[in-house]
Protein chains: 2
Amino acid sequence: MVKITDVARHAGVSPSTVSYALSGKRPISEETRRRIEDSIRELGYRPHAGARALASSRSNVLALVVPLRTGIHVPVVMQFAVSVVTAARRHDHDVLLLTQEEGEDGLRRVADTALVDALIVMDVQLHDGRLPLLRRLDRPSVLIGFPAEPDGLTCIDLDFGAAGELCVEHLAGLGHRVVGLVGSPPEVYVRETGFAQRVVRGFTTAADRNGIASSVHPCEADPAAARQVAERLLRERPALTGVVVHNEPVLEPLIDAFEALGLRVPQDLSVTAICPDELAGRVRVPVTSVAIPAAEVGTGAVELLMRKLDGTPVPRATLLPPRLTVRASTRPR
Amino acid sequence: MVKITDVARHAGVSPSTVSYALSGKRPISEETRRRIEDSIRELGYRPHAGARALASSRSNVLALVVPLRTGIHVPVVMQFAVSVVTAARRHDHDVLLLTQEEGEDGLRRVADTALVDALIVMDVQLHDGRLPLLRRLDRPSVLIGFPAEPDGLTCIDLDFGAAGELCVEHLAGLGHRVVGLVGSPPEVYVRETGFAQRVVRGFTTAADRNGIASSVHPCEADPAAARQVAERLLRERPALTGVVVHNEPVLEPLIDAFEALGLRVPQDLSVTAICPDELAGRVRVPVTSVAIPAAEVGTGAVELLMRKLDGTPVPRATLLPPRLTVRASTRPR
DNA sequence: TTCCCCCGTCGAAGCGCTTCGACGACCCGC
DNA sequence: GCGGGTCGTCGAAGCGCTTCGACGGGGGAA
């Protein structure tokens with residue numbers, strides 16, 4: 001293994017000079033820097049991560065806690081993860097993958113052993129057991145999602161409340177007066193997952209504001225459940241002309257179910273969804289949707305963390321504004 | 001931060017004794033060990049990962065390279081990742097997440113900086129550019145998937161060839177004489193992804209062996225493509241009564257397409273798939289399938305790596321035998 | 001010309017842990 | 001009762017890097 005002293009000798013300087021040339025923390029003359037860079041290249045030098053971490057008390061690794069639970073859409077999780085890794089690399093950091101299963105112990109472990117410099121936690125619940133720990137930890141963290149009490153924490157997410165509102169406003173603007181929300185599986189609400197509840201609140205608020213009749217229906221993530229919900233919705237609200245879907249796996253089955261019940265989309269029924277653009281575009285009837293900007297959220301989380309790591313103050317809350325893309329599934333009533 | 005010298009002082013022993021008590025690399029008396037453990041608990045001691053890595057030249061971190069490419073099924077990737085993390089934790093290791101995007105440089109970086117002790121590489125191509133590097137690296141690695149030239153490497157995967165055969169044998173056993181394979185998107189074959197080609201080979205071999213007429217059809221991962229493939233299959237092989245599907249996203253659309261063309265499953269057409277059990281079970285017509293044992297593969301990869309890390313020899317190739325579960329989508333002709 | 005300061009570099013200390021060799025104490029067999 | 005082993009513990013040396021203080025030399029201001 002080639003080490004910093006080898007490089008120093010080869011370049012005819014001291015190890016500290018090599019270190020400063022690498023980190024830029026002290027000025028180094030153009031000429032010396034070039035000699036050092038040449039030596040590094042020639043010898044194939046790579047600083048030892050452990051030694052670096054020990055000496056600098058910075059590991060240049062971020063922890064990412066991903067959820068495993070049912071009721072969350074796996075591809076979206078993956079998009080988050082990939083964007084976090086990519087963004088972290090741009091800041092010369094790596095990403096350690098933790099599963100929620102490890103829980104608080106996992107967070108404490110990687111933080112206390114100085115394995116990571118900072119943490120990103122996904123799928124935060126309204127009353128998440130990890131919050132006190134995260135507040136107490138001496139390492140910065142960013143939550144993807146909003147708990148009930150975000151004081152002392154840094155959070156980022158799509159503004160799901162506004163997303164729910166935006167869907168309703170779109171339908172209201174098209175003249176629809178009776179709308180339904182097909183939501184996530186019941187357990188997601190039971191767990192008090194913030195984003196799901198926020199959609200409901202936004203949906204209801206906007207419906208009330210527009211004098212629109214509305215109802216909310218959690219739905220399991222399978223086609224049979226979709227059919228049931230569709231039937232029930234029509235039974236309870238025969239005048240229904242608009243639906244907001246916040247449940248990726250049932251989006252297509254639900255449209256199928258409505259068509260099977262004689263409601264064509266969009267002629268008889270307008271459908272909007274809150275889901276990844278990619279999904280909305282590949283449904284049989286491309287769906288007007290509010291995108292879940294997984295990549296932006298992931299990147300944003302990393303940026304926030306980096307600023308916290310170098311002491312810059314950051315906003316407590318970052319709510320990404322929803323963006324609605326009109327596709328083929330909605331039309332005026 | 002509480003360090004090993006603090007623990008040593010508190011327990012009235014030397015730091016090395018604490019270290020040996022922790023690692024078990026030298027015998028420590030019952031009584032001393034207990035005092036040390038008490039001190040550790042009382043002081044909340046956590047060894048510093050960097051220091052440990054530096055002194056022991058073991059970071060206790062594994063790298064996991066996940067694919068990003070199109071044509072691979074994201075939930076399966078996630079299952080791999082989670083099972084790798086879980087298995088790694090059982091061996092007191094953590095997992096660093098790398099994206100394929102970083103390519104060889106990423107592998108080299110984490111290996112050369114001693115950030116990780118070993119590597120797991122997913123989605124290996126038949127002629128993967130990373131192979132020479134992996135052979136040369138001084139850190140052990142395990143591939144998930146089989147390249148054309150696996151010499152000097154350790155590989156593990158489902159035996160996709162046997163899986164393809166098994167599907168055909170099942171159909172043959174039910175009396176089917178004309179079968180088709182609906183495969184992965186064309187780009188997957190163009191990339192020469194081993195597992196996809198192996199399925200084709202197994203499928204063809206078994207069909208020939210049984211004197212069955214067969215044809216192979218790559219298929220894009222969207223419903224429209226599924227419909228086209230279904231039509232084409234029926235046009236070219238009007239006598240078709242069996243289909244093997246190796247393409248998760250089109251499994252359900254394909255069945256829909258066949259039914260729309262007047263072929264009921266399983267009355268007129270038997271369908272088998274190679275896909276996660278979870279998917280096979282939740283299709284409208286539960287599909288007879290060979291499972292993709294993502295969790296076993298992930299766990300197996302970690303076990304192999306652990307054995308390599310402590311110098312135990314391991315088999316070059318680990319092929320997990322396919323297991324077929326009969327569900328509602330196949331019946332005798 | 002003198003003084004001061006800054007630029008560029010060096011040496012040494014130390015980050016917190018593991019590991020090697022050494023060393024008493026104790027037990028066994030003869 | 002003595003040599004040889006083993007068991008349990010200690011001290012010290014390092015692992016490879018960063019960082020702090022120091023210092024020589026050169027340029028600018030006075």
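Just so it is clear: chains get the letters A, B, ... in the order the sequence lines come, proteins before strands, and each one is counted from 1. These numbers come from the heavy atoms of this one structure, side chains and all, not from hydrogens, waters or symmetry mates.
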task: Treat primed atoms plus P, OP1 and OP2 as sugar-phosphate and everything else as base, then score nucleotides 19-24 of chain C 5' to 3': B for base contact with protein heavy atoms under 4.0 Å, S for sugar-phosphate contact only, - for none.
output: BBBB--
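For A:Leu43 and D:dG16, the CG to P distance is 15 Å, given to the nearest whole Å. For the pair B:Arg58 CZ and C:dG16 P, the interatomic distance rounds to 24 Å; values are reported in whole Å. Spacing between atom OH of B:Tyr45 and atom P of C:dT18 amounts to 6 Å, rounded to whole angstrom units. Counting to the nearest Å, the P atom of C:dC15 and the CG atom of A:Leu115 are 20 Å from each other. Look at CG on A:Leu22: it is 9 Å from P on D:dC17, rounded to the nearest Å. Rounded to whole angstrom, the span from the CD atom of A:Glu31 across to the C1' atom of C:dG8 amounts to 12 Å. When rounded to the nearest whole Å, the span between CD1 of A:Ile40 and P of D:dG16 equals 16 Å. Rounded to whole angstrom, the span from the NE2 atom of B:His48 across to the P atom of C:dT18 amounts to 12 Å.
Annotation: salt bridge (charged side-chain N to carboxylate O under 4.0 Å, His left out) contacts involving residues 94-105 of chain A, sequence neighbours excluded, comprise A:Arg89-A:Asp94, A:Asp94-B:Arg109, A:Glu102-A:Arg109, A:Glu102-B:Arg89, A:Asp105-A:Arg108. Evaluation of the side chain to side chain donor-acceptor pair (under 3.5 Å) test over residues 115-136 of chain A, restricted to residues two or more places apart or in two chains, returns A:Ser59-A:Asp117, A:Arg69-A:Asp123, A:Gln125-A:Thr193, A:Asp128-A:Arg130.
One end of the helix from C:dT1-D:dA30 to C:dC30-D:dG1 points its axis 30° away from the other end's axis, with each axis taken from 5 pairs and the angle rounded to 10°.
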Show which side-chain atoms of residues 304-311 of chain B pair as donor or acceptor with protein atoms under 3.5 Å away, not counting sequence neighbours.
unit_1   : atom_1 : unit_2   : atom_2 : d
B:Lys308 : NZ     : B:Ser141 : O      : 3.0
B:Lys308 : NZ     : B:Thr154 : OG1    : 2.6
B:Asp310 : OD1    : B:Thr312 : OG1    : 3.0

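Projected onto DNA chain D by closest heavy-atom contact, B:Leu54 and A:Arg52 fall at different nucleotides, the more 5' of which corresponds to B:Leu54. If you find the closest nucleotide of DNA chain D to B:Glu30 and to A:Arg46, the one lying nearer the 5' end belongs to B:Glu30.
With sequence neighbours excluded, no residue forms a side-chain hydrogen bond (donor to acceptor under 3.5 Å, both in side chains) with A:Gln79. Checked against side chain to side chain contact (heavy atoms under 4.5 Å, CB included), B:Thr17 has the following partners two or more places apart in sequence or in another chain: B:Val13, B:Ser14, B:Ile28, B:Thr32, B:Ile36. Applying the salt bridge (charged side-chain N to carboxylate O under 4.0 Å, His left out) rule to B:Glu31 yields the partners B:Arg35; only residues at least two apart in sequence or on another chain are considered. Partners of A:Glu187 according to the side-chain hydrogen bond (donor to acceptor under 3.5 Å, both in side chains) rule, which considers only residues two or more places apart in sequence or in another chain, are A:Thr70.
Contact annotation for B:Pro47: backbone-only contact, meaning every heavy-atom pair under 4.0 Å involves sugar-phosphate atoms and none involves a base.
Ranking C:dG16, C:dC10, D:dG16 by closeness to the B:Ala51 side chain, first place goes to C:dG16.
Residue A:Val77 comes nearest to A:Val66 through the heavy atom pair CG1-CB, 4.2 Å, listed as atom of the first residue, atom of the second, then distance.
A distance-only check finds no donor-acceptor pair linking the side chain of A:His91 to the backbone of A:His93 [under 3.5 Å].
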